[in-house]
Amino acid sequence: MKTKDLIKLLEQNGWKFKRRGGNHDIYVKGKERESIVRHKETDEMLAQAIIRRRG
């Protein structure tokens with residue numbers, strides 16, 4: 001899955017970009033936090049796990 005598509009899904013569900021980490025971007029929603037790798041492609045299984053975990 002393309003990382004920008006995963007980010008679009010998160011942002012449509014209310015997640016906001018907070019900051020850049022070493023190799024990740026940090027997104028927050030309330031007190032929850034999710035790290036997204038900064039690559040063109042995100043591993044399909046990782047993307048599905050994030051989608052399941054964060055809706």
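Values below: all heavy atoms of this structure, side chains included; hydrogens, waters and symmetry mates excluded.
Hydrophobic clustering, with ILVMFWY side chains joined whenever heavy atoms are under 4.5 angstrom apart, keeps Val37 apart from Leu9. Following chains of ILVMFWY side-chain contacts shorter than 4.5 Å, one can reach Leu46 starting from Ile36, so the two form part of one hydrophobic cluster. In the hydrophobic cluster analysis, where Ile, Leu, Val, Met, Phe, Trp and Tyr join through side-chain heavy atoms closer than 4.5 angstrom, Val28 is grouped apart from Phe17.
Listed by chain and residue number, Arg54 satisfy the side-chain hydrogen bond (donor to acceptor under 3.5 Å, both in side chains) test with Glu32 (two or more places apart in sequence, or in another chain). By the side-chain hydrogen bond (donor to acceptor under 3.5 Å, both in side chains) test, Arg52 pairs with no residue at all, sequence neighbours left out. Every side-chain hydrogen bond (donor to acceptor under 3.5 Å, both in side chains) that Asp25 has, sequence neighbours left out, goes to Arg20, Arg38.
The shortest heavy-atom contact between Ile26 and Ser35 is CD1-OG, 3.4 Å. When all heavy atoms of Tyr27 and Ile7 are compared, the closest pair comes out as OH-CG2, 3.2 Å. Listed here is the closest heavy atom pair of Thr3 and Glu41: OG1-C, 3.6 Å.
Under a 3.5 Å cut-off, the side chain of Lys29 and the backbone N or O of Asn13 do form a donor-acceptor pair.
A heavy-atom distance below 4.5 Å is found between the side chains of Leu6 and Ile51. A 4.5 Å side-chain heavy-atom check between Lys18 and Arg33 finds every atom pair outside the cut-off.
With rounding to the nearest 0.5 Å, the separation of CD in Gln12 from NZ in Lys8 is 8.0 Å.
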